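Position 1 is the first residue of the sequence, and the numbers go up from there. For ligands, and for the atoms within them, numbers begin at 1 and follow the listed sequence. Because the structure is a prediction, the values reported are computed rather than measured.
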Amino acid sequence: MRSYWLNQALEQSPARPQPLSGDISADICIVGGGFTGLWTALHIKETDPSADIVIIERDICGGGASGRNGGFCMTWASKAPLLYPLCGGQETVRMVEASEAAVRAIGQFCADNGIDCEFRHDGWLWTASSETQRDAWRGAIDVLDKLGLHPFDELSPDEVARRSGTPVHIGGVYEKGTATLQPAVLARGLARVCAERGVRIFENTAMTELGRASPPYVRTDRGVVKASKIVLALNAWAHELPEFRRAVMPICADGIATAPIPERLEKLGLRDGLAISDSRTMVDYYRRTADGRLVYGKGGGGIPFAGRVGNRFDTESSRPDEVRTAMLRNYPELADVPIVATWRGPATRTATGLPMFGRMKRAPAIVYGHGYIGNGVGPSYNGGRILAALALDRKDEWSECPLVGASGKLLPPEPFRFFGGQMVRAAVRAKDRADDQGRKSNLLTRYLAGLAPSGLIARTGDRN
Ligand SMILES: Cc1cc2nc3c(=O)[nH]c(=O)nc-3n(C[C@H](O)[C@H](O)[C@H](O)COP(=O)(O)OP(=O)(O)OC[C@H]3O[C@@H](n4cnc5c(N)ncnc54)[C@H](O)[C@@H]3O)c2cc1C
C-alpha cells in the first residue's frame, strides 16, 4: 500500500528498484532511504565527493514515513522549550536559526536540482480549537522572547478564522518559517540526486543483521555490505534493535486526501500552501495541495507490541472515519466531498521530545539518528548534517551539538510500555473528545493523558 503522495510521485517517475546481490564493501553504508539517510548521503558527498557510499533500503526510497507525511516542512521554533534546558540559550538560538535556514535550503536544493515537489514557503498557523488548547504556544513564545527570537505573530480569532477557513479555532499564532511540499516527490528526487552523485542505492534490500564487529557490516538476504562506518537512519524501525527499544516509541499517524476541490477551498480561504494544525496531543494537521485537494491528518493512531514495526503500518488508514470526522468538525461544508485516498505510517516518540543522534556504545563505528516526533521533514536536513559529521569523524558544531549522545529518559519495558501506552492513548482520546464538546474530563483521564510523552504543546511542535 502506497500513500497518496508516493503513488503520485511514482506516476511521474516510476521506481526501478535494484536489490543488492552479492557481497560488497564501501566507506559508509547508510541503512534507511528516507529523508535522514538521503540528506546524510548528500551532506557527506558535499564534504567529501570521493566518499564511497551505499544506501540499503528495505522498500523503495521514500517508502517509509518520508513518503507518507503531511508535507509540513517545519522549523524548530516550537521546540524551543525542549531545546533550552538541554542546549542552553546560545545553542538553542543556533538550532532554531539553523532549522529556519534548513527550510530555505531545502527549497533552494529543490530549485537547483529540478525536484518539483511543490515547495511553498507560506508559513504555519498553529491554532487552538478548544479552551484547553488556548495559548498552547505560550511556553515556546516565552522561551523565544527571552532569547531575542520572535518567529510567531499572535493573531486575532477573526484573523485565524479567515486564514484557516473555519471558525472552529479560538486563537492562533502564525510562523512564517514553515513551508509545505509534496514529500514523496522530495524523497524520490533526493534519491535521484544521490544516485547522480555516485551513491549506490540498493532498494528492496532489508538489513537482516547488524554486525557490531570491527569493521561493522550489514547483512541482507542476498549479500553483505562491509563498511568503515554504518549510519542507521531507521526512524521507527530503530525500535527493532535492542539498543533503542526503550528509547524510541513507534506510533502511527494517519492521512486522508479529498478529491480535487480547488474552487471550494478557494472559497474557504485556503488559497496557498499554508500549514495548519491545532494543539491537541493527537494533533490534527491540514493543508491544501497544489492541485486543490485537502490533505487532513491525525496523530496518535496506534502503537505496535514488542517493537514489531515491520510492515504493520504499511496499510490504508485504520481509522479513516475518525480522521474524516475531525476534518468535518473544521469544514462541515465538505461533507459531500469524496475521500480518494487514506494511508498511515510509522512516526516516533522519544521521552525527551527531541531526536537522538550518537555512536553506538559498543560499536562506535555505527552511528544513528532518529526520533523526530512528527517533525522530521525540515529537521532531517540538519539531522543529516549531524550524521554526516559523525560518519566522517569531523569535530564541528554538528558532531558536538547537545543532541549527540543525549540519553533522555527511558521508556518502560514491555509489556508495561504497550499496555501503559494503550491506556494513555485511550485517555488522550477521551480528553480530546471532552475538550471538543466543551466538557471537563475526569481527574484520572486528565492524569493519564498528561503522561503522553509529547504533544504539540510546549513539550513540542510535533505532528504524530
Ligand atoms: C502520517 C505521518 C504524517 C507526518 N507528518 C509530518 C509532517 O507533516 N511534517 C513533518 O515534519 N513530519 C511529519 N511526519 C514525520 C516525518 O515523516 C518523519 O519524521 C521523517 O520522514 C523521518 O525521516 P526518516 O528518514 O528518519 O524516516 P523514514 O522516512 O521512515 O525512513 C526510514 C527508512 O528505513 C527503512 N528501513 C527500516 N528498516 C529497515 C531495514 N531493516 N533495512 C533497510 N531499510 C530499513 C524504511 O523502509 C524507511 O524507508 C509524519 C509522519 C507520518 C507517519
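- Geometric assessment of Arg94 against the ring of Trp398 yields a positive cation-pi assignment under the 6.0 Å and 45° thresholds.
- Nearest-heavy-atom check against atom 28 (P) of ligand 1 across Ala65, Gly62, Gly63 picks out Ala65.
- Using a 4.0 Å cut-off between a side-chain N of Lys or Arg and a carboxylate O of Asp or Glu, Asp396 and Arg385 do not qualify as a salt bridge.
- Heavy-atom proximity to Val377, at under 4.0 Å, picks out these atoms of ligand 1: 9 (N), 10 (C), 11 (O), 12 (N).
- By the 4.5 Å heavy-atom criterion applied to side chains, Met327 and Leu294 are counted as neighbours.
- Under 4.0 Å from ligand 1, the heavy atoms of Thr205 that appear belong solely to its backbone.
- Residue-to-ligand polar distances keep Asp59 apart from ligand 1: every N/O pair is separated by 3.5 Å or more.
- The contact set between ligand 1 and Arg68, taken as ligand atoms under 4.0 Å from a residue heavy atom, comprises 1 (C), 2 (C).
- The Tyr372 neighbourhood of ligand 1 comprises atoms 19 (O), 26 (O), with distances under 4.0 Å to a heavy atom of that residue.
- Ring centroids of Phe72 and Tyr285 are separated by less than 6.0 Å, placing the two rings close together.
- Listed by number with element, the atoms of ligand 1 under 4.0 Å from a non-hydrogen atom of Gly32 are 33 (C), 34 (O), 35 (C).
- Classification of the Phe119-His121 ring pair by plane angle, with boundaries at 30° and 60°, yields perpendicular.
- For ligand 1, none of its N or O atoms has an N or O atom of Gly33 under 3.5 Å away.
- The distance from ligand 1 to the heavy atoms of Asn375 drops below 4.0 Å at these ligand atoms: 10 (C), 11 (O), 12 (N).
- Polar contact check, Asp254 against ligand 1: no nitrogen or oxygen pair lies under 3.5 Å apart.
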Can you list the steps and then say if His169 with Ser164 is a side chain to side chain donor-acceptor pair (under 3.5 Å)? CA-CA 8 Å; His169 303 125; Ser164 64; 3.0 Å; yes
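- Residue Trp237 touches ligand 1 through its side chain alone, judged by heavy-atom distances below 4.0 Å.
- Near Met207, the atoms of ligand 1 lying under 4.0 angstrom from a non-hydrogen atom of the residue are 40 (C), 41 (N), 42 (N), 43 (C).
- Listed by atom number, the atoms of ligand 1 under 4.0 Å from Val31 heavy atoms are 42 (N), 43 (C).
- Ionic pairing of Asp436 and Arg329 is present here: one or more N-O contacts between side-chain nitrogen and carboxylate oxygen are shorter than 4.0 angstrom.
- Salt bridge present: Arg200 and Asp52 bring a charged side-chain N and a carboxylate O closer than 4.0 Å.
- Checked by distance only, ligand 1 and Ala206 stay at 3.5 Å or farther apart across all their nitrogen or oxygen atoms.
- Taking each of Thr36, Val283, Asn235 in turn, the one with a heavy atom nearest to atom 30 (O) of ligand 1 proves to be Asn235.
- Side-chain atoms of Thr325 and Glu322 form no donor-acceptor pair, as typed in the model, at a separation below 3.5 Å.
- Contact check on Arg16 versus Glu203 returns no salt bridge, with no Lys/Arg side-chain nitrogen under 4.0 Å from an Asp/Glu carboxylate oxygen.
- Contacts between Phe313 and ligand 1 below 4.0 angstrom, taking non-hydrogen atoms only, are absent altogether.
- Residue Gly376 places at least one N or O, backbone or side chain, under 3.5 Å from an N or O of ligand 1.
- The N/O atoms of Asn69, backbone and side chain alike, include one that comes under 3.5 Å of an N/O atom in ligand 1.
- Residue-level proximity to ligand 1 for Ala233 is carried by the backbone, the only part with a heavy atom below 4.0 angstrom.
- For a threshold of 3.5 Å applied to N or O pairs, the pair formed by Arg344 and ligand 1 contains no separation below that value.
- We find that Glu100 and Arg104 are not joined by a salt bridge, their nearest charged nitrogen and carboxylate oxygen being 4.0 Å or further apart.
- A ring-centre distance under 6.0 Å is not found for Trp237 and Phe313.
- Gly71 counts as a contact of ligand 1, since one of its heavy atoms falls under 4.0 Å from the ligand.
- By the criterion of a heavy-atom distance under 4.0 Å, neither the backbone nor the side chain of His370 is placed next to ligand 1.
- Considering backbone and side-chain N/O atoms, Gly37 never comes within less than 3.5 Å of an N/O atom of ligand 1.
- Backbone and side-chain nitrogen or oxygen atoms of Phe35 are examined, and one is located within less than 3.5 angstrom of a nitrogen or oxygen of ligand 1.
- Residue Ala253 has no N or O atom closer than 3.5 Å to an N or O atom of ligand 1.
- For the pairing with Asp254, the side-chain hydrogen bond (donor to acceptor under 3.5 Å, both in side chains) check across Arg344, Lys298, Arg68, Arg319 returns one residue only, Arg319.
- The neighbour count for Lys45 NZ, taken as heavy atoms of other residues, nucleotides or ligands under 6.0 Å away, is above 12.
- Using a 4.0 Å cut-off to heavy atoms of Gly345, the atoms of ligand 1 that qualify are 53 (C).
- Asp291 has a carboxylate O that lies under 4.0 Å from a charged side-chain N of Arg293, or vice versa, which qualifies the two as a salt bridge.
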